[in-house]
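Counting convention: from 1, in listed order, for ligands and their atoms alike. Keep in mind the model is a prediction, meaning the values are calculated, not measured.
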Amino acid sequence: MVAKTEPINVYALINGDRIKTENMSPRENPTHPDEIVGYAPLNTREDTIKAIDAADQAFKTWSNTPLEERINRMERAIAKLREANDEITELLSREHGKPLYDANGEMWVSLSWMEFACQKAKDVLKEEVKEHEAGKTYIRHEPIGVVSAITPWNYPISLSTIKIAPALIAGNTMVVKPSPFAPLAVSKVIDIIASEFPPGVLNLVHGEAGVGEELTSNPKVAKIAFTGGTNTAKHIMKAAADTIKHMTLELGGNDAAIVLSDFDLNDERAMRRLVISNFLTAGQICMIAKRIYVDKSIYDQFVQKYIEAANKWIRVGDPFNPEVTVGPVNNQRQVAFVQSLVDDAKGKGAEVIKLGRILDPDVFEKGYFLQPTVVLGADYKDRIVVEEQFGPTVPILPFDNDEHAIELANDSIYGLTSSVWGVEDHAIKVANRIQAGTTMINTAAVQGLDVQFPFGGVKQSGVGREYGAEGLLTYTDTHVINVPKNGDLPYIPE
Ligand code: NAD
């Protein structure tokens with residue numbers, strides 16, 4: 001366990017100036033809620049308008065800055081972030097509650113993506129010139145304008161940099177608004193990145209609904225890049241409708257893991273991967289496996305082996321204890337919500353089994369902890385199965401045959417990721433029929449994520465893709481310049 005530290009202040013960034021507000025919002029440590037980790041500004045609508053104006057002004061020169069210079073600046077920012085890695089990950093662990101290894105993992109994914117975006121941009125964003133029968137065509141990938149990026153608390157750094165790197169490299173300017181539930185480490189990250197760019201290119205504001213409303217309705221904002229809940233996205237779409245903004249939406253998920261009859265129950269590593277795909281970051285990941293369906297022919301044995309594997313891997317406690325694999329839940333609201341789903345299932349007759357060991361009972365008692373649980377015997381339509389839990393609990397349910405499993409997996413408003421566990425050919429056949437943005441075979445959640453390939457959801461899990469070449473192109477508009485050999489059309493009379 002690491003000793004308490006003095007609270008820090010983070011700032012808003014408007015046109016290169018660090019701004020504090022009269023009222024600052026405290027962020028407590030979810031492991032030790034009586035400790036204030038730091039304070040973030042509470043920006044007003046007026047501050048947000050200033051930030052948007054600064055980004056709009058900076059766009060005029062930034063959009064005309066050569067691609068190579070934009071990439072070079074991002075590469076310098078990446079080098080600085082690497083140097084600050086330990087300071088950032090410690091702060092992230094402290095304000096978020098995710099164990100230190102997990103905070104390091106978040107930085108690792110963030111930096112891998114930023115580097116990939118720098119490398120890939122040279123190819124993906126360069127102007128194409130096509131000589132063809134009818135003449136010559138230039139295809140240009142132009143920046144869109146001012147981008148509002150609004151992000152959630154669960155992966156504050158990676159879900160901001162997933163937007164910042166491609167947006168700035170493509171020549172856009174930005175205003176970023178992180179979640180008040182984890183505003184500190186990401187502010188440090190944005191401050192470091194912004195220091196490598198001209199004033200006004202990357203701005204940062206903090207706050208709640210008023211700030212969010214301005215960012216999503218201001219006519220000078222050309223694109224919204226949002227990651228968060230599906231219900232919030234519905235408000236955002238309405239707010240953005242009047243000025244027809246471009247949009248990338250990465251939303252909630254209720255990802256199914258399907259365990260086929262030929263899954264090797266003795267494959268301890270695969271079983272551990274499945275457990276991790278349910279309980280990493282205390283289950284607070286959009287793409288975590290949130291319902292497990294198991295072929296009824298192996299259901300009983302599976303449950304027994306799963307519980308054994310979970311009891312081995314899950315060690316709950318202080319995120320700074322290197323033995324700990326699962327930390328607290330990020331905030332009290334989320335603790336109450338997850339508990340309500342578990343209680344609802346229990347009240348309807350489901351069996352709730354506690355998993356893992358609590359390493360620090362005193363800390364557990366006082367912090368925002370929930371002991372991880374598995375829920376057996378729930379109904380397919382119970383809230384714990386149908387709703388996104390976003391916490392350390394998972395239901396396991398049997399299915400009759402592959403058709404039934406596919407039907408159950410697809411019976412959801414969501415379609416972010418999914419996973420199929422079994423012999424590869426068999427698993428691929430089932431995977432082909434699942435409605436999801438990504439389906440992983442014998443792995444799940446971030447373990448199967450690769451920043452080279454596009455990521456996003458179908459149905460109400462989102463619109464558009466991040467990561468991969470698509471993750472860069474989504475911050476551009478295509479501009480075609482046609483030079484025909486003969487501009488006259490044959491069917492138009494002389
Ligand atoms: P949330 O929707 O409550 O908040 C997300 C952000 O939106 C925050 O910054 C919040 O302050 C802001 N916001 C709230 N109301 C707003 C409004 N009216 N206008 C503009 N902005 C507003 O989500 P959360 O609780 O922070 O995060 C959890 C959710 O995020 C889960 O549903 C999870 O699945 C989803 N998520 C999705 C992905 C993905 O890639 N698909 C990744 C991580 C999290």
Options Cys286, Ala182, Pro156, ranked by nearest heavy atom to atom 38 (C) of ligand 1, top entry: Cys286
Would you check if the side chain of Gln371 reaches a backbone N or O of Leu355 as a donor-acceptor pair within less than 3.5 Å? yes
Ignoring hydrogens and angles, tell me if any N or O in the side chain of Lys223 forms a donor-acceptor pair with the backbone of Tyr475 under 3.5 Å. no
Asn172 side-chain N/O to Val146 backbone N/O, donor-acceptor pair under 3.5 Å: no
Leu13 and Ala194 have their tightest heavy-atom pair at CD1-CB, 3.6 Å
Please confirm whether the backbone N or O of Glu470 pairs with a side-chain atom of Thr474, one donor and one acceptor, at under 3.5 Å? no
A student checking ligand 1 against Phe390 at a 4.0 Å heavy-atom cut-off should list atoms 28 (C), 31 (C), 33 (C), 34 (O)
Among protein heavy atoms, which lies nearest atom 18 (N) of ligand 1, and at what distance? His235 CB, 4.2 Å
Identify whether the distance between the nearest side-chain nitrogen and carboxylate oxygen of Lys366 and Asp34 falls below 4.0 Å. no
Does any N or O in the side chain of Glu388 come within less than 3.5 Å of the main-chain N or O of Gly253, such that one atom is a donor and the other an acceptor? yes
Glu208 and ligand 1 - part of the residue with a heavy-atom distance under 4.0 Å: side chain
Please write down residue, atom name and distance for the protein heavy atom closest to atom 27 (O) of ligand 1. Pro152 CB, 3.2 Å
Identify, by atom number and element, the atoms of ligand 1 in contact range of Phe455, meaning under 4.0 Å from any of its heavy atoms. 40 (O)
Under 4.0 Å from a heavy atom of Ser179: give me the atoms of ligand 1 that qualify, with their elements. 9 (O)
Check whether Arg291 reaches the backbone of Ala257 with its side chain - one donor and one acceptor, N or O, closer than 3.5 Å. no
Examine the proximity of ligand 1 to Thr230 and report which part, side chain or backbone, both or neither, has a heavy atom under 4.0 Å away. neither
Looking at Glu95 and Leu184, would you say the former's side chain and the latter's main chain have a donor-acceptor pair under 3.5 Å? yes
Atom 32 (O) of ligand 1: of Glu388, Glu213, Lys238, the nearest heavy atom sits on Glu388
Is ligand 1 under 4.0 Å from a heavy atom in the side chain of Phe181, in the backbone, in both, or in neither? neither
Under 3.5 Å: donor-acceptor pair, side chain of Thr325, backbone of Arg315: yes
Can you tell me which portion of Phe226 lies within the under-4.0 Å heavy-atom range of ligand 1? Options are side chain, backbone, both, or neither. side chain
heavy-atom search around atom 15 (N) of ligand 1 in the protein gives Thr232 CG2, 3.4 Å
Numbered in order shown, the ligand 1 atoms found under 4.0 Å of a heavy atom of Leu416 are 41 (N)
For Leu159, the ligand 1 atoms whose distance to one of its heavy atoms is below 4.0 Å: 42 (C), 43 (C)
Which ligand 1 atoms, with their elements, are less than 4.0 angstrom from a heavy-atom of Ile150? 6 (C), 7 (O), 9 (O), 12 (C), 20 (C), 21 (N)
Numbered atoms of ligand 1 (with element) below 4.0 Å of Arg333, judged on heavy atoms: 25 (O)
If you scan protein heavy atoms around atom 41 (N) of ligand 1, the nearest is Leu251 O, 2.7 Å
If you have a sec, work out which protein heavy atom is nearest atom 35 (C) of ligand 1 and how many Å separate them, to one decimal? Gly228 O, 3.3 Å
Does the pair Glu115/Arg82 count as a salt bridge with the N-to-O cut at 4.0 Å? yes
Check each heavy atom of Ala233 against ligand 1 and say whether those closer than 4.0 Å belong to the side chain, the backbone, both or neither. neither
Checking contacts here: is it the side chain or the backbone of Leu215 that comes within 4.0 Å of ligand 1, counting heavy atoms only? Could be both or neither. neither
Closest approach of any protein heavy atom to atom 11 (O) of ligand 1, naming residue and atom: Lys177 NZ, 2.9 Å
So, are Glu214 and Arg45 salt-bridged, with charged N and O less than 4.0 Å apart? yes
Can you tell me the protein heavy atom closest to atom 40 (O) of ligand 1 and the distance? Glu250 CB, 3.3 Å
Can we say Lys50 and Glu46 salt-bridge, meaning some charged N sits less than 4.0 Å from an Asp/Glu carboxylate O? no
among protein heavy atoms, the one nearest atom 6 (C) of ligand 1 is Thr151 O, 3.5 Å
Flag, side chain of Arg465 to backbone of Gly457, donor-acceptor distance under 3.5 Å: yes
Atom 4 (O) of ligand 1 protein-contacted (non-hydrogen atom, under 4.0 angstrom): no
Quick check: Trp153 and ligand 1, any N/O pair under 3.5 Å apart? yes
Donor-acceptor contact present, side-chain Gln334 to main-chain Gln389, <3.5 Å: yes
Which atoms of ligand 1 have any heavy atom of Gly229 under 4.0 Å away? 1 (P), 2 (O), 23 (O), 29 (C), 30 (O), 32 (O)
